[in-house]
**Student:** 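This is the structure, below, for whatever I ask next.
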Amino acid sequence: MKADSRRLEGLNWQAEFHDPAMEALFRRTLVAYHACQLRLALAVISGLFLAFALADYSVLGPGQTFQALLVMRLLVILVSLLLALAAWRRPVVAQAPLPVNLACLLGLSVLLLTIPLRPGEGIHVASVVTASMALYLFIPNRIRWMLATNTYLLLGFLVAITLWAPLPPGLVLTSLLLLAFVNLLGWATISRIKRLKREQFAMLLEERSANRRLKDEILERETLEAQLRHMACTDDLTGIANRRHFFELAEQELRRARRDGTPLAVCMVDIDLFKRLNDHHGHALGDRVLAIVAGCCQSVLRDSDVLGRYGGEEFVIALPLADLDMATTIAERLREKVSSLKLPMLGDETPLTVTVGISRVEEGESRIDPALLRADQALYAGKAQGRNRVVVAPRPVPECGDPLEPSAWRTDGLAMPGADAAIDATASPAWLRPGGPPPGRL
Ligand SMILES: Nc1nc2c(ncn2[C@@H]2O[C@H](COP(=O)(O)OP(=O)(O)OP(=O)(O)O)[C@@H](O)[C@H]2O)c(=O)[nH]1
């Protein structure tokens, strides 16, 4: 109710928007409709003027008066057809006040001139009433022009009947009352129609803007959700998958590998002596190094490989369709890439290297964890053997089998210069044995 009254307040006495921009927008949307309406009205008026020429002929015969009337009627028809053609070629003409109102005035003048040329006819009032209604209801025009043309018609009628076809005063009064009523009715009707159309238009705009707002909100929400999803899956520091997301992706790859009977290898990558790097150069630089190593990992992997930050200075990789040989080649490429990095900010005394442990998912394994555990054990064997190397974990032995011999670990890579001499490369700590993970891991 309140919204309705607000909408009505937005219209002036001509049932047009107070806001000129809004009115112009509304009129622009109606150009094609108005052009069509005007063409139709002009066609009907032309037809009527032609039909009334027959009536003239039957009343006046083929004399001069008839010919004069015929010429005037043909002039109206010609102007109407030209205007219809113009509106057809350029629809905006239908909203131009000058051509539309000039054509109206010409038609009304000819209508008024039929009064002296066919005096004594009782149908003049009827034709003036019809013309008046047509001006309100069929010619697309603004209300002020409608009122102006109707005033011209009313005054012209008064003058014409006074000068050329005097009627009894009672009939004049009746005619005037009738015409006044017709004008009132026409004005009220067209005002109502114009008001309704504008209210509908305003509601449509409101609805559109509400829809736009809704769409924007949905888009914002979707963007936010995507951001949250991204944040929930991504490691802030390196931009690669975090541990949780890595497991999701790796388990997917595992299911695919089991379904297709294809190999799936996993690598654990650990930056060597990262604590020393942190201690010497600070955590901020350590963070940068983590991002650099993550970038190295990405650069040696295919799009289908899955890379994640396992935690701390450790990364984890799942290599679909890769057997141990291919995984070793990739890991070796990574190791070489990291060790050949030129990082002046680290200086010469802290070379950057990584140790990589490799394993494969064995037949019958339905989780990724056992393969990761073996890769982790291989990684620790690599650390024990001097770091900066790639170590492939042996195939797992049956549960009741012998403990693993250190010689079973296949290593690849170089002994790291400056590696911790206290670590015995041949040591076989308890967690190296199958079923015995390093404390606190996996
Ligand atoms: N800058 C930085 N350091 C981290 C981050 N996460 C873990 N670390 C550090 O990484 C270091 C890991 O040290 P260790 O586990 O002793 O391993 P390491 O020094 O790399 O030695 P090895 O693994 O035996 O070669 C610790 O000093 C952690 O504080 C991190 O997000 N940023």
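Order of listing sets the numbers, starting from 1, for every ligand and every atom in it. When reading the values below, keep in mind they use all heavy atoms of this one structure, side chains included, and skip hydrogens, waters and symmetry mates.
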**Student:** Show which atoms of ligand 1 fall inside a sub-4.0 Å distance from at least one heavy-atom site of H283.
**Tutor:** 1 (N), 2 (C), 3 (N), 29 (O)
**Student:** Tell me the contacting part of K383 for ligand 1: side chain, backbone, both, or neither, using a 4.0 Å heavy-atom threshold, strictly below.
**Tutor:** side chain
**Student:** Going by the atom numbers of ligand 1, which of them fall below 4.0 Å from some non-hydrogen atom of D287?
**Tutor:** 1 (N), 2 (C), 30 (C), 31 (O), 32 (N)
**Student:** Taking the ring of F26 and the ring of F201, is the distance between their centroids below 6.0 Å?
**Tutor:** yes
**Student:** Under a 4.0 angstrom heavy-atom cut-off, which atoms of ligand 1 come close to G286?
**Tutor:** 1 (N)
**Student:** Under the side-chain contact (heavy atoms from CB on, under 4.5 Å) rule, what do L352 and I271 come out as? Steps first, then yes or no, please.
**Tutor:** CA-CA 7 Å; L352 185 67; I271 303 176; 3.7 Å; yes
**Student:** Specify the closest pair of heavy atoms between M268 and D376, including all atoms of both residues, with the distance to one decimal.
**Tutor:** CE-OD1, 3.5 Å
**Student:** Under 3.5 Å between some N or O of ligand 1 and some N or O of L273?
**Tutor:** yes
**Student:** Pick one of side chain, backbone, both or neither for how L277 approaches ligand 1, counting any non-hydrogen atom pair under 4.0 Å.
**Tutor:** neither
**Student:** Looking at ligand 1, does any of its N/O atoms fall within less than 3.5 Å of an N/O of F274?
**Tutor:** yes
**Student:** Do we see a donor-acceptor contact under 3.5 Å between the side chains of E248 and H245?
**Tutor:** yes
**Student:** Distance only, no hydrogens: is a donor on one side chain within 3.5 Å (strictly under) of an acceptor on the other, for D270 and T355?
**Tutor:** no
**Student:** Indicate every side-chain donor-acceptor pair of residues 85-112 with a distance under 3.5 Å to a residue at least two apart or in another chain.
**Tutor:**
residue: Q95; atom: NE2; partner: R27; partner atom: O; Å: 2.8
residue: Q95; atom: NE2; partner: H34; partner atom: ND1; Å: 3.0
residue: N101; atom: OD1; partner: N141; partner atom: ND2; Å: 2.8
residue: N101; atom: ND2; partner: P97; partner atom: O; Å: 2.8
residue: S109; atom: OG; partner: L105; partner atom: O; Å: 2.6
residue: S109; atom: OG; partner: Y152; partner atom: OH; Å: 2.7

**Student:** Could you work out, for atom 9 (C) of ligand 1, the closest of I271, T238, N278 by heavy-atom distance?
**Tutor:** N278
**Student:** I'd like the name of whichever of G312, A384, A291, G282 reaches closest to atom 7 (C) of ligand 1 through any heavy atom.
**Tutor:** G312
**Student:** Does M345 CE have over 12 foreign heavy atoms under 6.0 Å away?
**Tutor:** yes
**Student:** Using a strict cut-off of 4.0 Å, indicate which atoms of ligand 1 neighbour a heavy atom of R387.
**Tutor:** 22 (P), 24 (O), 25 (O)
**Student:** Out of the candidates K194, R195, R142, only one should pair with E16 under the salt bridge (Lys or Arg N to Asp or Glu O under 4.0 Å) rule; please name it.
**Tutor:** R142
**Student:** My understanding is that we take every heavy atom of each candidate and find the minimum distance to atom 15 (O) of ligand 1. Doing that for R309, R276, E313, which one comes out nearest?
**Tutor:** E313
